[in-house]
A.B. asks: 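Structure incoming, see below.
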Amino acid sequence: MIEEPKVERERKGSKGPFEAKLEGLEDGYRVTVRGNKEKIQQQRQVKLSFIEFLRKADVAGYPILFPFNLLLRFFSGYKKPNM
């Protein structure tokens, strides 16, 4: 059986129809989002499409402006989730 990690800090909040919980664990963080599953999935698809657009613009040689190049570098280490 896997032991649950110890929660050191916890923060809860809500925005519109969504509830979020951020937990500070011994070895990292855990984010939990609750809400309408279809709406959350649609928003994830939009965000993934924007990141893919930034990747293609970068490959094509277009200059990526400051806040977006940070996003591109941050998400370049992640694999695409199965949807």
A.B. asks: Look up atom CG in L71 and atom CZ in F66, then write down how far apart they are to the nearest 0.5 Å.
C.D. replies: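 One gets 10.0 Å once the value is rounded to the nearest 0.5 Å.
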A.B. asks: Side-chain heavy atoms nearer than 4.5 Å, only ILVMFWY residues, links allowed to pass through others: does that put L70 and L72 together?
C.D. replies: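 L70 does not cluster with L72.
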A.B. asks: Would you call E23-R30 a salt bridge at under 4.0 Å N-O?
C.D. replies: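 Yes, charged N to carboxylate O under 4.0 Å.
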A.B. asks: Are the side chains of K21 and E10 in contact, using a 4.5 Å heavy-atom criterion?
C.D. replies: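 Sidechains of K21 and E10: in contact.
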A.B. asks: To the nearest 0.5 angstrom, please state how far the CD1 atom of I51 sits from the CZ atom of F75.
C.D. replies: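 One gets 5.0 Å once the value is rounded to the nearest 0.5 Å.
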A.B. asks: Would a single hydrophobic cluster contain both F74 and I64, if residues Ile, Leu, Val, Met, Phe, Trp and Tyr are joined by side-chain heavy-atom contacts under 4.5 Å?
C.D. replies: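 In one cluster: yes.
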A.B. asks: In terms of hydrophobic clusters joined by side-chain contacts under 4.5 Å, are L65 and L54 together?
C.D. replies: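 They do share one cluster, since a chain of ILVMFWY contacts under 4.5 Å joins L65 to L54.
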A.B. asks: Is it true that, when you exclude F18 itself, more than 12 heavy atoms of the residues, nucleotides or ligands shown sit nearer than 6.0 Å to its CZ?
C.D. replies: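 Counting neighbours around CZ of F18, more than 12 heavy atoms of other residues, nucleotides or ligands fall under 6.0 Å, so yes.
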A.B. asks: If the condition is side-chain contact (heavy atoms from CB on, under 4.5 Å), which residues does V31 pass it with, not counting sequence neighbours?
C.D. replies: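 So V31 forms a side-chain contact (heavy atoms from CB on, under 4.5 Å) with L22, V33.
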A.B. asks: Within a reach of under 6.0 Å around CD of E38, are more than 12 heavy atoms found that belong to other residues, nucleotides or ligands?
C.D. replies: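 No, CD of E38 has 12 or fewer neighbouring heavy atoms, counting only those of other groups under 6.0 Å.
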A.B. asks: Could you report the tightest heavy-atom contact between L25 and P5, atom names first, then the distance?
C.D. replies: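 Where L25 meets P5 most closely, the heavy atoms are CD1-CG, 3.8 Å.
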A.B. asks: Could you work out, with salt bridge (Lys or Arg N to Asp or Glu O under 4.0 Å) as the rule, every residue matching R34, not counting sequence neighbours?
C.D. replies: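 None.
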A.B. asks: Count the heavy atoms of every other residue, nucleotide or ligand shown that sit under 6.0 Å from CD of Q43, and state whether that count exceeds 12.
C.D. replies: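 It does: Q43 CD has more than 12 such atoms within range.
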